[in-house]
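Structure first, commentary second.
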Protein chains: 2
Amino acid sequence: MKLSTKGRYGLRAVLDLAVHDTDEAVALSQIAERQGISMNYLEQLIPKLRKAGIVKGIRGAQGGYILAKPADKISTGDILRALEGDLNPVDCAEITNGESTCSNSDTCVTKYVWKRISDSINDAVDGIMLSELVEESKRVQTGDPTDNNKTKQSCGK
Amino acid sequence: MKLSTKGRYGLRAVLDLAVHDTDEAVALSQIAERQGISMNYLEQLIPKLRKAGIVKGIRGAQGGYILAKPADKISTGDILRALEGDLNPVDCAEITNGESTCSNSDTCVTKYVWKRISDSINDAVDGIMLSELVEESKRVQTGDPTDNNKTKQSCGK
DNA sequence: TTAAAGCCGAGTGATTTAATAGGAATTAAA
DNA sequence: TTTAATTCCTATTAAATCACTCGGCTTTAA
């Protein structure tokens with residue numbers, strides 16, 4: 001029941017991009033270096049983020065990546081689902097799409113549990129927008145004394 | 001971000017035990033047969049459940065397993081954590097035990113996300129007692145028409 | 001023209017998963 | 001007192017997944 005490095009590295013990378021996304025595109029090599037993540041590996045995560053409409057690539061020299069939409073329109077749920085696939089604890093059709101294709105569906109009781117877990121995870125991550133993490137990140141890095149959370153940027157190795 | 005068969009099979013097995021736990025011990029072979037799970041594999045999950053104080057083994061002929069305490073004192077969280085280990089999405093010391101052993105702890109922002117996920121999962125499963133599943137299971141199997149949930153017992157393969 | 005960057009797919013070693021198997025210890029019942 | 005049922009324990013293994021690495025192609029600003 002652990003997130004893979006796809007989700008952990010990927011969220012850090014998107015946050016790094018969001019923090020440094022001003023007017024110019026951000027090269028993946030910069031993100032990789034700042035975050036201490038292999039660039040080759042990060043590169044593999046990009047297609048997932050691009051297809052999900054989270055980042056856009058700018059090709060050619062001086063290219064890089066930018067957010068495909070404003071950070072307050074991207075939730076951590078969007079990012080994590082793009083990277084990890086659905087965030088359901090089991091592959092159960094009734095939880096994912098409401099269809100009852102499981103042969104045991106009538107007498108299945110544990111699905112009651114899986115559904116509750118699934119909803120709670122998705123509600124949690126959908127409630128955190130990327131913009132909130134960006135703000136928190138800036139607060140931490142500037143050493144603003146109003147910050148009570150003392151959070152950082154690469155936890156969860 | 002999926003539960004393994006340890007958690008899925010294990011919860012089904014404990015629920016099966018709870019439903020059939022009357023006065024006599026329930027043999028693992030019976031649980032395995034009813035649930036369609038390899039008995040050899042189920043056997044491997046038992047030590048985890050025993051150490052967590054969830055089931056008790058009765059050795060010898062006519063032996064089997066019984067619940068170590070009443071079903072309304074066992075949460076699905078207890079069962080799943082016994083089988084899967086902690087239900088945190090990342091291995092982060094500050095989430096697990098409150099200690100700040102991570103070198104990036106000061107500037108880590110993503111841990112804010114991991115913490116929210118972790119809390120929501122654990123709150124969800126701690127809020128469902130085994131006794132509730134037993135009741136739901138009996139309602140489903142007896143075909144009680146007051147049942148609106150239409151749940152069953154082995155979903156989440 | 002060239003170098004910096006994104007884009008794409010194949011390959012790989014290590015780890016984890018999901019089992020299978022065999023045998024020892026215990027105990028109710030014949 | 002034997003026997004059979006059952007828990008208990010450990011080792012092995014095939015397959016899958018993970019976490020990368022690598023090489024080459026395409027695009028484009030300078």
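Everything numeric in this text was worked out from a predicted model, so none of it was measured.
In this structure, A:Met1 atom CE and D:dC18 atom C1' are separated by 18 Å, rounded to whole Å. Atom C1' of nucleotide D:dT17 and atom CD of A:Glu84 are separated by 13 Å, given to the nearest angstrom. If you measure from atom CD1 of A:Ile31 to atom C1' of C:dG6, you get 12 Å, rounded to the nearest angstrom. The interatomic distance linking A:Ile66 (CD1) with C:dA5 (P) rounds to 16 Å, in whole Å. Separating the CG atom of A:Leu45 from the C1' atom of D:dC18 is a distance of 12 Å, rounded to the nearest angstrom. The CG atom of A:Leu17 sits 14 Å away from the C1' atom of C:dG6 (whole-angstrom rounding). B:Asp91 has its CG atom 15 Å from the C1' atom of D:dC18, to the nearest Å. In this structure, CG of A:Leu28 is placed 16 Å from P of C:dA4, rounded to the nearest angstrom.
Within the structure, salt bridge (Lys or Arg N to Asp or Glu O under 4.0 Å) contacts touching residues 42-61 of chain B (residues at least two apart or in different chains) do not occur. Applying the salt bridge (Lys or Arg N to Asp or Glu O under 4.0 Å) definition to pairs two or more places apart or across chains, those involving residues 21-34 of chain B are B:Asp16-B:Arg34. Identified under the salt bridge (Lys or Arg N to Asp or Glu O under 4.0 Å) test for residues 61-74 of chain B, with sequence neighbours left out: none.
DNA chain D is contacted by both A:Met39 and B:Gly63; B:Gly63 maps to the nucleotide lying nearer its 5′ end (nearest heavy atom per residue).
A donor-acceptor contact shorter than 3.5 Å is absent between the side chain of B:Gln35 and the backbone of B:Ala13.
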Show the atom names and distances, to 0.1 Å, of all donor-acceptor pairs under 3.5 Å that link a side chain in residues 120-131 of chain A to residues at least two apart or in another chain.
residue  : atom : partner  : partner atom : Å
A:Ser120 : OG   : A:Arg116 : O            : 3.4
A:Ser120 : OG   : A:Ile117 : O            : 2.9
A:Ser120 : OG   : B:Ser120 : O            : 3.4
A:Asn122 : OD1  : A:Arg81  : NH1          : 2.8
A:Asn122 : ND2  : A:Ser118 : O            : 2.9
A:Asp126 : OD1  : A:Arg81  : NH1          : 3.3
A:Asp126 : OD1  : A:Arg81  : NH2          : 2.7

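Under a 4.5 Å side-chain heavy-atom cut-off, the cluster of Ile, Leu, Val, Met, Phe, Trp and Tyr residues that includes B:Ile58 is completed by B:Ile66.
A close approach under 4.0 Å does not occur between any side-chain nitrogen or oxygen of A:Arg50 and OP1 or OP2 of C:dG6.
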Report task. Heavy atoms under 4.0 Å is the rule here; annotate nucleotides 14-27 of chain C 5' to 3' with B where the base is hit, S where only the sugar-phosphate is, and - elsewhere. Result -> ----BBBB---BBB

